[in-house]
Amino acid sequence: GVNARLALKRKKTLPELPQMNDPRFLGLIGQMASLLPVTSLTNPQLFAMLILKMVKISLKHGNTIHSPLVYASYGLISAILGNLRTAGNMQEVALQLSARYHSHPVRVPVHFTVASFLSHWKEHLHKTLAHAVRAYESALEFGNFFMGGGILSRITQIRLILGEPLSRVQEECASSLAFTRRFGLENLSVFFVLVKKFIEDQQGVSAVPFTSGEADCLAETLIRNRNGPLVISYYLLKIQSLYLSGRHAEALRVFLEVDEDSRGSVRAMVLFPEYVFWHSLAITASYEQLGEREKGHYWKILKRNQRK
């Protein structure tokens with residue numbers, strides 16, 4: 001299998017594979033690479049199958065301009081499956097190869113994948129943030145404004161998790177909101193409006209509490225469009241707002257609103273451990289208010305969260 005072949009070709013040798021020169025496989029790899037963006041959003045199973053096939057071809061016939069993204073994506077699949085060592089190795093390989101193609105737009109999705117799905121498993125979040133900033137700069141350089149907007153949302157999520165000053169996050173959020181509105185990125189615009197309202201509520205300058213229902217109406221767009229990472233981001237803002245105002249049991253009930261597809265969409269992202277952390281915190285704070293049956297149920301969840 002792919003894992004066995006990668007074990008034989010250690011991370012130090014993968015970037016040294018010869019450049020692919022067989023026109024048949026170059027054409028095949030190019031066609032498969034063109035399917036990656038849409039399948040990553042609409043058909044995860046097909047996306048994974050394409051990546052595995054592309055890795056096998058690369059190992060046998062050599063690297064191509066698409067190899068940095070292929071290895072980064074294989075790292076993403078490894079992270080989802082819990083193989084974090086392989087995920088970290090693929091990050092190093094992808095970045096090393098990407099540096100060789102500094103004038104090619106493949107750098108954008110590579111840095112995006114590293115910042116969104118790989119770096120935080122083995123590096124401090126400040127390094128993950130640096131990868132995200134680099135991804136945004138690359139997106140602007142190559143005119144990929146759609147991915148640039150997505151990267152801006154990752155940067156905001158990371159800054160909030162790091163606990164950076166809310167005034168700084170708010171200032172950057174206003175700039176990101178202007179960017180996403182300029183390019184018609186509706187879901188991302190809604191996300192930045194929600195973050196703005198959350199920060200104003202935490203600063204005590206909002207006339208309407210974040211949990212008043214206005215935010216729920218805005219978030220309906222994200223839920224309706226099934227944008228899993230942004231849906232989870234919204235729920236985390238709502239949960240934190242309730243928890244920090246002492247409404248622990250209400251915060252715990254919000255987790256019951258989260259659908260499995262949205263939760264699964266962030267499994268390899270930094271949002272996933274953040275979700276697990278706040279879920280565990282809400283359970284612990286509400287535990288004594290629960291009935292005996294509920295205590296048994298949530299105790300099992302706490303134990304499971306510890307293993308994650």
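Note that the structure is predicted; figures quoted are calculated from it, not measured. These numbers come from the heavy atoms of this one structure, side chains and all, not from hydrogens, waters or symmetry mates.
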Is there a path of hydrophobic side-chain contacts, each under 4.5 Å between heavy atoms of I, L, V, M, F, W or Y residues, that connects Leu185 with Leu140? yes
Check whether any side-chain heavy atom of Val270 sits under 4.5 Å from a side-chain heavy atom of Thr128, and report yes or no. no
Is there a side-chain contact between Arg159 and Leu129 in this structure, where contact means two heavy atoms from C-beta onward sitting under 4.5 Å apart? yes
How long is the straight-line distance from OG of Ser241 back to CG of Leu236, given to the nearest 0.5 Å? 12.5 Å
Distance-minimising heavy-atom pair for Tyr71 and Leu17: OH-CD1, 3.7 Å
A side-chain contact here means heavy atoms from C-beta on lying under 4.5 Å apart; do Phe192 and Ser175 qualify? no
Spell out, as yes or no, whether a donor-acceptor pair under 3.5 Å connects the side chain of Trp121 to the backbone of Gly82. no
Is there a path of hydrophobic side-chain contacts, each under 4.5 Å between heavy atoms of I, L, V, M, F, W or Y residues, that connects Ile151 with Phe183? yes
Determine whether the aromatic ring centres of Phe255 and Tyr235 lie less than 6.0 Å apart. no
Would a single hydrophobic cluster contain both Leu52 and Leu46, if residues Ile, Leu, Val, Met, Phe, Trp and Tyr are joined by side-chain heavy-atom contacts under 4.5 Å? yes
Note: Ala87 and Gly75 closest approach over all heavy atoms is CB-O, 3.4 Å
State the CG-CH2 distance between Leu271 and Trp278, to the nearest 0.5 angstrom. 13.5 Å
Check: Asp22 side chain, Arg24 main-chain N or O, donor-acceptor pair, under 3.5 Å: yes
Charged N-O contact under 4.0 Å between Glu260 and Arg263: yes
Ignoring hydrogens, what is the shortest heavy-atom contact between Gly30 and His66? Give both atom names and the distance. CA-NE2, 3.9 Å
Tell me if the CZ atom of Arg226 is crowded by more than 12 foreign heavy atoms within 6.0 Å. no
I want to check something: taking the side chain as every heavy atom from C-beta on, are Phe210 and Leu237 in contact at a cut-off of under 4.5 Å? yes
Quick one: which of Leu160, Val133, Val169 gives a side-chain contact (heavy atoms from CB on, under 4.5 Å) with Ile155? Val133
Under 3.5 Å: donor-acceptor pair, side chain of Asn63, backbone of Leu14: yes
Glu172/Arg168 ion pair, N-O < 4.0 Å: no
For Lys295, look at atom NZ and say whether over 12 heavy atoms of other residues, nucleotides or ligands are found less than 6.0 Å away. yes
Between the CD1 atom in Ile158 and the NZ atom in Lys127, the distance rounded to the nearest 0.5 Å is 14.5 Å
Straight-line distance of Gln157 CD to Leu152 CG, nearest 0.5 Å: 11.0 Å
Intermediate values then yes/no, side-chain contact (heavy atoms from CB on, under 4.5 Å), Lys122 and Leu84: CA-CA 8 Å; Lys122 60 173 291 187; Leu84 302 184; over 6 Å; no
So, taking the atom named CG in Leu81 and the one named CG in Leu76, what distance separates them when rounded to the nearest 0.5 Å? 9.5 Å
About how many Å separate NZ of Lys197 and OG1 of Thr211, when rounded to the nearest 0.5 Å? 12.5 Å
Gln203 atom CD: more than 12 heavy-atom contacts under 6.0 Å: yes
One pair to check against side-chain contact (heavy atoms from CB on, under 4.5 Å): Leu162 and His124. What are the steps and the verdict? CA-CA 10 Å; Leu162 282 170; His124 193 281; 4.1 Å; yes
Less than 4.5 Å apart, side chain to side chain, heavy atoms only: is that true for His279 and Val276? no
Could you pull out the closest heavy-atom pair between Gly149 and Leu188, with the gap in Å? C-CD1, 3.4 Å
Under a 3.5 Å distance rule, please check whether Thr180 uses its side chain to pair with a backbone N or O of Ser176 as donor and acceptor. yes
So Glu123 and His131, side chain to side chain donor-acceptor pair (under 3.5 Å) or not? Walk me through it. CA-CA 11 Å; Glu123 299 176 319; His131 287 301; 3.3 Å; yes
Between Ser286 and His248 (side chain of the first, backbone of the second, donor and acceptor by atom type, cut-off under 3.5 Å), is there such a pair? yes
Side chains of Lys60 and Phe25: does their closest heavy-atom pair fall under 4.5 Å? no
Residues Leu35, Gln31; criterion side-chain contact (heavy atoms from CB on, under 4.5 Å); working and verdict: CA-CA 7 Å; Leu35 295 173; Gln31 290 175 345; over 6 Å; no
According to a hydrophobic-cluster definition based on side-chain heavy atoms being under 4.5 Å apart (Ile, Leu, Val, Met, Phe, Trp, Tyr only), do Leu41 and Phe117 belong together? no
Any side-chain to backbone donor/acceptor pair from Ser262 onto Val258? Under 3.5 Å, distance only. no
Applying side-chain contact (heavy atoms from CB on, under 4.5 Å) to Glu274 and Met269, what does each step give before you reach the verdict? CA-CA 9 Å; Glu274 186 74 355; Met269 296 173 64; over 6 Å; no
Say whether Phe47 and Val38 are linked into one hydrophobic cluster, either directly or through other cluster members, by side-chain heavy-atom distances under 4.5 angstrom. no
Tyr101, OH atom: more than 12 neighbouring heavy atoms under 6.0 Å: yes
Does the side chain of Arg253 reach to within under 4.5 Å of the side chain of Glu250, using non-hydrogen atoms? yes
Heavy-atom side-chain proximity of Phe191 to Val195 below 4.5 angstrom: yes
Looking only at heavy atoms, what is the nearest atom pair of Ser73 and Thr113, with distance? N-CG2, 4.4 Å
In short, Ser138 meets His111 closest at the heavy-atom pair OG-CD2, 4.1 Å
